[in-house]
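Take a look at the structure set out below.
We name chains A, B, ... by the order of the sequence lines, and we start the count at 1 in each one. Excluded from the calculations below are hydrogen atoms, water molecules and symmetry mates; all remaining heavy atoms, backbone and side chain alike, are included.
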Amino acid sequence: MNQEAFFTLTERLQGHLQGSECLFANLHAETTDFVRLNQNRIRQAGQVQSAGLGLTLIDGARQIEGDCTLSGDPAADLALASGLLTRLRERLPQVPDDPYLNYSTEPTTSNQCQTADLPAPAAAVEQLIALAAGLDLVGIWASGRLASGLASSLGHRHWHQSESFHLDWSCHLDHDKAVKDSLAGRDWQPDLLAARLAAQRERLELMARPQRTLAPGRYRAYLAPAAVAELLELLGWGGFGLKDHRTRQSPLQALADGTAQLAPTVTLTEEHRRGLAPGFTAEGFVLPPTVTLIDAGRFGTCLTDARSGREYDQAVNAGNEAPEALAMTAGDLPADAILERLGEGLYISNLWYCNWSDRNTCRLTGMTRFGSAWVEQGRLAAPLAVMRFDDSLYRLLGEHLEAIGAERELLLSADTYDGRTSASSLLPGLLVSGIELAL
Amino acid sequence: MARGQLPLRHHARTDFRASTSMAMSSDPLNELHAIGAAFSATAPKADYWTLRLVSATHEALAVRDDVAEPASLSLDRGAMISVVADGGLGYAATADLSPAGLRAAFARAADWAAVHGRLGLFAGYFHPRSRLRERYRTLVREPWDSLGLEARYGLLFDACQRLDIDARIVDRSAWLGHASIAQVLISADEGQLDQHWERVHCGLAATAHAHGQTQTRRGGGAEQPRQGGLEHIAAAGLLDDAERVASEAIALVEAPECPNDRRDLILLPGQMALQIHESIGHPLELDRILGDERNYAGLSFVTPAMFGTYRYGSALLNVTFDPTLPDELASYAADDEGTLARRVHLIRDGILERPLGGALSQRRARLRGAACARACNWDRPPIDRMANINLEPGEGSLADLVARVERGVLMDSNRSWSIDDSRNKFQFGCELGRLIEDGELRGLVRNPGYRGRSAVFWRSLDGVAGPQYRQVCGVRNCGKGEPNQSVQVGHAAPPCLFRDVEVFGGGL
């Protein structure tokens, strides 16, 4: 669905409003070609076209939400949406007043369209397969258009559209010995892909060596940006939300209370200004360019969505109370000095399946995965047998943090559970004096 | 059998007193039939195709700290077309169910089939052909609409208020959700599968805070999403369970930490569901074993050579794939490739028998599997999934298990799950622990967790309680696949005893 079709639909829908009713309409639409690969051949290929319209009907102190799937046919979609509106109107008197009802009454507008000259998906995948000849490549190609829109009967008009590709893949030896990479953006460069694959071929030579199995205990480690992203993604689950803090459920409660502190080199921000994700919320609030979540090791500002904003009388600065454009301030550890500074220990390229061991102490667990290696005398020595860690971020980002990488990587989320996402993170790697391995 | 005369499977018979009027007037299956029939009459030529039409309505209600969250109503409808042509297999998903919309989707699927034909991992004819004609409808005793929106909210306000028993409770919530999902799968070979599922899920959560410690306890059906209707609410104890949930949350913040050592472990059904899910269900998925998931969800420590001989667990371990049970979350007449669903043993007397693989994966692997090719919705293609994976009961009571433990801990209700990409090294955390000493239950311990290896853990199974202690639970967010898919699966188990397990508590 394009911008004109969405705004035309919502204007017509607003013509169906009665009395003092107010309507917010949100759109999330995508046309995506997905190609799944295994053994450097196509496992499953197809296209998904979807468009979901979300409606919030407000009358006085009451609100009710609904959504429906749009077909792309203007007349059919108007009938569908007006039918949903009627059902919401019928239900509205049956719901209680909502003391936390909160929406923007200032009719803001924005328009961001990021176009791209994307390759034909089949041609790009054919190039990939040719370039990866001889490799056991597994992964997913996704490309196409994403659109988010907001229109309200108060006059809000927002549109965010992007076209992009995202290739997320790994190359495998026996069993779990593998290296992972991803390539995403609006400019398809086969030469860049070829270079990445060449680097993977080189790294696979290391992975072919006999693996190193470690006993549980504490080890020096370098966590590459992709591994840091896994840690911080989990931290985003309750770490920064205002509601989690006010109900004492945040794993960063001690930090917020001032009874714990992270290293002064740790600064985390939510960077809406990056512009990859829509800069507006479903309730019509425009997001600030940045929110400082952790400032030089001390807790900064919570992420506050519309509902928490009303409940706790705080300004809205997020659509949801979890980061979607996280950034960590770079440090002073150059990429070419990482192995030397590590000396002996773990080079953790990726982590996997992180979850909380004890939220009260910000203690989490997870597994090493993909291309992680044992380092000796400042050199990659052997692939690492997968190991489970169980440690606290108060230590990994606190007393055990030795250095932060000078270069950062922009990591685009490959998540597609509710459609392709525009979430991203800009992160450096971390050198730690010890990480606790448990199994 | 002639078209339109679909056998009604005995295990899923609807209570027609409750549903006849709805079926006559607004049954979404009727609408989907009409769309499917129009498509079939003019379907483009291909070696084979399937059209899977889905119409779903979801409702969700919640009350938190005695304030209603906004009610939501979701209406979703769309189609997935799979095409076998030019030696390959392709798919296309669309919400445009007009004849022109479906033809356009068919063309896109055929285009991808041609690409797959040139660059595919396997030939398109591996896709199973289905002539199956079945129908399925969830057994519903009390229809969702028999209780109005106001009354549903009344129930949740009541439940939420019952959690308010002490100033140490800092967050309370009660929720109720319903899904009605109609699906019609038709095939080029005149197969037709009509399935209509209804699911209800309710629950409670209370969070207590004291002395710098926060603990959350859930109940009231939180671990027991089911197929069915409103009758599930009373059975799940949405109201009656509130005092226990809140009391246990408070008791947990006051309790000592779970010890860090090795001891015997009794898992109640709520945690057994997760243990089965992560370290039996996922490792047995055939697409993992075939390597499809290596870039995302991972592979498996299980290899094809193990089926038929490998000792997965002790002789007490009997695990079935059973989509025929009327009350479990993932019951159905046939999977999304059109294969008839039936109960099979995955593990019998501890020996691994067969993987969880649909017909397509079975052909690729040359192994027998199960009818488990499922898609989460119309916009995703089917892949190998769990359905209802159950650990079959043994003998005796929970008290009998406890009596056999000299030094142990009992754990219930999962709150943390993590396992390696081969589904071997795991670590799970529970909401509640209780020490066992000299055959008797003692005090609560907080932040209980345990870790181990799937390949070893199940061999330490030393007790399985009897059928009267079996509880049906479910997992509502089982994720895997590229593109990602989240499905609901059922797990039933009685309490089980494991010997000599590494357990731990919270703290730094």
**OP:** In sequence, state the C-alpha distance, the side-chain angles, and the governing distance for A:Y353 and B:Q427, and then conclude on side chain to side chain donor-acceptor pair (under 3.5 Å).
**Re:** CA-CA 10 Å; A:Y353 227 133; B:Q427 177 169 317; over 6 Å; no

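For chain A, the nearby part of B:P382 is the backbone; its heavy atoms alone come within less than 4.5 Å. Both the backbone and the side chain of B:S72 come within contact range of chain A, judged by heavy atoms closer than 4.5 Å. When heavy atoms are compared at a cutoff of 4.5 Å, B:R294 approaches chain A by way of both its backbone and its side chain. Of the atoms belonging to A:R395, it is side-chain heavy atoms, and not backbone ones, that fall under 4.5 Å from chain B. With a 4.5 angstrom heavy-atom cutoff, B:R118 touches chain A via backbone and side-chain atoms both. Within the 4.5 angstrom heavy-atom criterion, atoms from both the backbone and the side chain of A:L439 approach chain B. Proximity to chain B is absent for every atom of A:D257, based on heavy atoms less than 4.5 angstrom apart. Using a 4.5 Å cut-off between heavy atoms, A:A414 contacts chain B through its backbone alone, with no side-chain atom that close. Heavy atoms closer than 4.5 Å to chain A are found in the side chain of B:L299, but not in its backbone. Contact of B:Y153 with chain A is made through the side chain alone, with heavy-atom distances under 4.5 Å. Of the two parts of A:R246, neither the backbone nor the side chain holds a non-hydrogen atom closer than 4.5 Å to a non-hydrogen atom of chain B. If you measure heavy-atom distances from B:Q215 to chain A, the contacts under 4.5 Å come from the side chain alone. Interface remark: A:F370 contributes side-chain atoms only to the contact with chain B (heavy atom separation under 4.5 Å). Interface remark: A:A142 contributes no atoms to any contact with chain B (heavy atom separation under 4.5 Å). Contacts between B:A92 and chain A at a heavy-atom distance below 4.5 Å involve backbone atoms as well as side-chain atoms. There is no contact between A:Q253 and chain B, counting heavy-atom distances below 4.5 Å. Both the backbone and the side chain of A:D415 come within contact range of chain B, judged by heavy atoms closer than 4.5 Å. Looking at B:R172, neither its backbone nor its side chain comes within 4.5 Å of chain A, counting heavy atoms on both sides. Neither the backbone nor the side chain of A:D73 comes within less than 4.5 Å of any heavy atom of chain B. When heavy atoms are compared at a cutoff of 4.5 Å, A:L70 approaches chain B solely by way of its backbone atoms N, CA, C and O. Of the two parts of B:S422, only the side chain, counted from C-beta on, holds a non-hydrogen atom closer than 4.5 Å to a non-hydrogen atom of chain A.
Looking at A:R388, its side chain does come within 3.5 Å of a backbone N or O of B:K425 through a donor-acceptor pair. In this structure, A:W352 contributes its side chain and B:I419 its backbone to a donor-acceptor pair below 3.5 Å.
Contact check on A:R248 versus B:D171 returns no salt bridge, with no Lys/Arg side-chain nitrogen under 4.0 Å from an Asp/Glu carboxylate oxygen. Between A:R91 and B:E59, at least one side-chain N (NZ, or NE/NH1/NH2) sits under 4.0 Å from a carboxylate O, which counts as a salt bridge. One finds no salt bridge joining B:E482 and A:R43 here, because no Lys/Arg side-chain nitrogen approaches an Asp/Glu carboxylate oxygen to under 4.0 Å.
At a threshold of 4.5 Å between non-hydrogen side-chain atoms, the residues B:V115 and A:V125 do not count as touching. Between B:N447 and A:N360 there is a side-chain heavy-atom pair separated by less than 4.5 Å. In this structure, the side chains of B:W112 and A:V35 come closer than 4.5 Å at one or more pairs of heavy atoms. Put simply, the side chain of B:R380 reaches to within 4.5 Å of the side chain of A:T416, judged on heavy atoms. Counting heavy atoms from C-beta outward, B:N295 and A:R36 have side chains that stay 4.5 Å or more apart. For the pair A:L80/B:L75, no side-chain contact is recorded, criterion being any heavy-atom separation below 4.5 Å from C-beta on. A 4.5 Å side-chain heavy-atom check between B:P483 and A:I140 finds at least one atom pair inside the cut-off. In this structure, A:R307 and B:V67 have side chains that are in contact, with non-hydrogen atoms separated by less than 4.5 Å.
Options A:V95, A:T247, A:V386 differ in how many heavy-atom pairs under 4.5 Å they form with chain B, and the most are formed by A:T247. Contacts with chain A were tallied for B:F504, B:W378, B:Y296, B:F426; B:Y296 has the most, counting heavy-atom pairs under 4.5 Å. Interface remark: of the candidates A:H175, A:Q63, A:R62, A:H175 forms the most heavy-atom pairs closer than 4.5 Å to chain B. With chain B as the partner, the residue from A:A45, A:P121, A:S50 showing the most heavy-atom pairs under 4.5 Å is A:A45. Highest contact tally toward chain B, considering only A:D136, A:T31, A:L55, is held by A:D136 [criterion: heavy-atom pairs under 4.5 Å]. When each of A:D98, A:D77, A:D168, A:L101 is scored by its heavy-atom pairs under 4.5 Å with chain B, the top score falls to A:D168. Chain A forms the most heavy-atom pairs under 4.5 Å with one residue out of B:G429, B:S82, B:S486, and that residue is B:S486.
Tested against B:D420, the residues A:R369, A:M367, A:M387 include a single side chain to side chain contact (heavy atoms under 4.5 Å, CB included) partner, A:M367.
Under the 3.5 Å distance criterion, with hydrogens and angles disregarded, no donor-acceptor pair is assigned to the side chains of B:S416 and A:R359.
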